[in-house]
Amino acid sequence: MARQGVIRRYRGWLPEIPDDAIATIGEGETPLVEALRISDRVGARLFLKFEGMNPTASFKDRGMTVAMSRAAATGSRACVCASTGNTAASAAAYAARAGIECFVVVPAGKIALGKAVQVLAHGARIVQIEGNFDAALKLSKRIADELGDVTLVNSVNPDRIEGQKTAAFEVAEALGDPPDALALPVGNAGNITSYWKGFCEWRGAGHADSAPLMLGFQAEGASPLVAGHDFESPETVASAIRIGSPASREGALSAARESGGLIESVTDGEILAAQELLAKEEGVFCEPASAAGIAGLIKLAGEGRGAEGTVVSVLTGHGLKDPDVILGRVQLPDPVPATFEAVAGRMEMSAR
Ligand code: AN7
């Protein structure tokens, strides 16, 4: 059956969930698209794992199906999460599916428009705080601890990590072998932790002899793992990864160390340039944060230390999530009269 969801597809690898508690919207089985043009720029055979093709248009759905199904199975009355946007959108959808009330705590005015709209559409309760993601996460943890029967569905919930590791299985299955390197953005650091866990389990089960170098990239203005200390006021155009104190820092650092990879930073300019390249040269539209992996690969190649062989970059969320970033650099042109002359004139192409 097509798109049966990651729980049914990878059941033996995941925590036990009774059939009647499975809350799925057909997440997973996302495209692995060969990057025909950007491959040249990074000097490797590059593939894009387009996680924007999940039901709520980000990778969060893989972990959310597991976390929400388990919350339902254990009789939670509500769930809560802190979010830069995508976790909130995913939690809102999966809570609706599971029939659980959903509260999301977000930094006021700092989540992308599409994500806020998703939360509202699914009927979750949104609490905007006068503080950043890191404050929202602390508060959400406390709410879950003190209110009782309220499940925290951030990636500090191990069910989230379990579900997200299924992306590593899909990559290895699609290529026949794990890639030589995997590049991805790092914010709260749950995803890099998940991929590394997935690739290690895949190798451990005898499906492969190797695991990829894990190449994590943070936005320069929100790069605590590179700087070695928390950022009090993280800032970046990539709002999804505007995080100053990653909850899964240990997981991220050990993924980089054990795999022989790295965690470095890229500038907002490099991120936006990579987002534009993906859209204009590959036809793949991802949100700014999702382009950090490509920005990083291009940067490494430019410095003569590019990744080699087969490389996968994870595009974590869809570009439609954040229309404002695009409208900040290109606007719709004014209309023209509905005549041939006016339309041809606007096209600035002569007949031949
Ligand atoms: C598009 O939604 O943290 O390193 O609250 O939305 O696992 O945190 C989002 C993170 C990358 C970073 N790309 O992943 C949230 C949130 C996109 C994201 C990340 C996020 P992690």
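Quick caveat: nothing in here was measured; it's all calculated off a predicted structure. We count ligands from 1, going down the list as the structure has it; atoms in each ligand are counted the same way.
Of all atoms in ligand 1, listed by their number and element, those nearer than 4.0 Å to a heavy atom of S83 are 2 (O), 5 (O), 15 (C). Counting the atoms of ligand 1 from 1 in the order shown, those under 4.0 Å from a heavy atom of E287 are 1 (C). With ligand atoms numbered from 1 in the order given, ligand 1 contributes 1 (C), 2 (O), 6 (O), 17 (C), 18 (C) to contacts under 4.0 Å with heavy atoms of N86. Numbered from 1 in the order shown, with element, the atoms of ligand 1 that lie under 4.0 Å from a heavy atom of F133 read 5 (O). Residue V186 has at least one heavy-atom neighbour below 4.0 Å for each of these atoms of ligand 1: 4 (O). Per-residue contacts place G190 under 4.0 angstrom from the following atoms of ligand 1 (heavy atoms of the residue considered): 4 (O), 7 (O), 21 (P). Of all atoms in ligand 1, numbered sequentially from 1 with element shown, those under 4.0 Å from a heavy atom of N191 are 7 (O), 21 (P). Atoms of ligand 1 lying under 4.0 Å from any heavy atom of I243, numbered from 1 in the order shown and given with element: 3 (O).
The closest protein non-hydrogen atom to atom 8 (O) of ligand 1 is N188 N, 2.7 Å. In terms of protein heavy-atom proximity, atom 5 (O) of ligand 1 is closest to T84 N, 2.8 Å.
Aromatic ring centres of F50 and H318: separated by under 6.0 Å.
With a 4.5 Å cut-off on side-chain heavy atoms, F199 and L182 count as touching. Counting heavy atoms from C-beta on, the side chains of D322 and P288 come closer than 4.5 Å. Side-chain atoms of S194 and I192, non-hydrogen and from C-beta on, never get closer than 4.5 Å to each other. Looking at heavy atoms from C-beta onward, T30 lies in side-chain contact with E170 at the 4.5 angstrom threshold.
Note on ligand 1: G85 sits in its first shell, one or more heavy atoms being nearer than 4.0 Å. Ligand 1 has K60 within reach: a non-hydrogen atom of the residue lies less than 4.0 Å from it. Note on ligand 1: S290 sits in its first shell, one or more heavy atoms being nearer than 4.0 Å.
The main-chain N or O of G163 is found under 3.5 Å from a side-chain atom of T166 such that the two form a donor-acceptor pair. A distance-only check finds no donor-acceptor pair linking the side chain of S290 to the backbone of C286 [under 3.5 Å].
Note that CD1 of I161 is 5.0 Å distant from OG of S155, once rounded to the nearest 0.5 Å. Taken from CZ in R8 to OG1 in T24, the straight-line distance is 7.0 Å, to the nearest 0.5 Å.
Contact annotation: for L184 versus ligand 1, there are no heavy atoms closer than 4.0 Å. At a 4.0 Å heavy-atom cut-off, ligand 1 does not touch N154 at all. By the criterion of a heavy-atom distance under 4.0 Å, neither the backbone nor the side chain of K321 is placed next to ligand 1.
A salt bridge does not link R9 with E27: none of the charged nitrogens is closer than 4.0 Å to a carboxylate oxygen. Ion pairing of D324 with R329 is absent here, as no side-chain N (NZ or NE/NH1/NH2) approaches a carboxylate O to less than 4.0 Å.
For the pair T316 and ligand 1, the shortest N or O to N or O distance falls below 3.5 Å. Of the polar atoms of G187, at least one N or O is found under 3.5 Å from an N or O of ligand 1, judged by distance alone. For a threshold of 3.5 Å applied to N or O pairs, the pair formed by A189 and ligand 1 contains at least one separation below that value. Remark: ligand 1 and I241 share no N or O pair separated by less than 3.5 Å (distance only, no angle test).
Between Q218 and L225 the shortest heavy-atom distance is OE1-N, 2.9 Å.
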